[in-house]
Amino acid sequence: AKECMKRNNKNAAMQCMKRKKIYEEQIAQQNAQMHNLETMKFRMQEATMNKHFLDAQRAATGELHQLNKEMDADKVADERERMQEIFDQQREVTQALTEPIDGEVVD
């Protein structure tokens, strides 16, 4: 455009300016499209990661649910009571085995 103006060719200068404007608009459109594509790519990656997390949470929830079916507070209390009985029996056995055979207490 400057060259055309130097040669006093206003018509060619105007054409150059119009072409420059069109090119700038195309570049701006392409930049916007690239930005949109990058945004879509990021959102797809985010959605994929979220799905993996959700799948993992669902699997863990299912596993916990299954495990909790096998145990509840009553079952745990019953098991602890049974363990305590076994410990008490073991303590009685240990005490019986440590008592002196002849009845004498050793200091």
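Note that these values count all heavy atoms, side chains included, but never hydrogens, waters or copies made by symmetry. Start at 1 with the first residue, then count along the sequence.
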Note to self: Atom CG of residue position N36 - does it have more than 12 heavy atoms of other residues, nucleotides or ligands inside 6.0 Å?
What the structure shows: yes
Note to self: How about CE on M34, more than 12 heavy atoms from neighbouring residues, nucleotides or ligands closer than 6.0 Å, or not?
What the structure shows: no
Check: Could R82 and E85 be called an ion pair, given the rule that one side-chain N must be under 4.0 Å from one carboxylate O?
Finding: no
Check: Between K41 and E38, is there a side-chain N and carboxylate O pair less than 4.0 Å apart?
Finding: no
Checklist line | Verdict with reasoning, H65 to K69, per side chain to side chain contact (heavy atoms under 4.5 Å, CB included) | finding: CA-CA 6 Å; H65 180 70; K69 279 184 178 180; 3.3 Å; yes
Notebook entry, point to check: Should D72 and N68 be marked as a side chain to side chain contact (heavy atoms under 4.5 Å, CB included) after you check the CA-CA gap, both sets of side-chain angles, and the distance that decides it?
Noted result: CA-CA 6 Å; D72 60 27; N68 283 334; over 6 Å; no
Rounded to the nearest 0.5 Å, how far apart are [atom1] of [X] and [atom2] of [Y]?
X: N50; Y: H52; atom1: CG; atom2: NE2; result: 10.0 Å
X: R91; Y: Q89; atom1: CZ; atom2: CD; result: 11.0 Å
X: E81; Y: E79; atom1: CD; atom2: CD; result: 10.5 Å

Note to self: How close do K75 and E70 get, counting heavy atoms only, and between which atoms?
What the structure shows: CD-O, 3.5 Å
Next item on the list: Give a yes-or-no answer on whether the side chains of D88 and Q84 include a donor-acceptor pair shorter than 3.5 Å.
Entry: yes
Checklist line | Audit row: E24, K21, salt bridge (Lys or Arg N to Asp or Glu O under 4.0 Å) steps and yes/no | finding: CA-CA 5 Å; E24 287 173 346; K21 184 177 179 184; over 6 Å; no
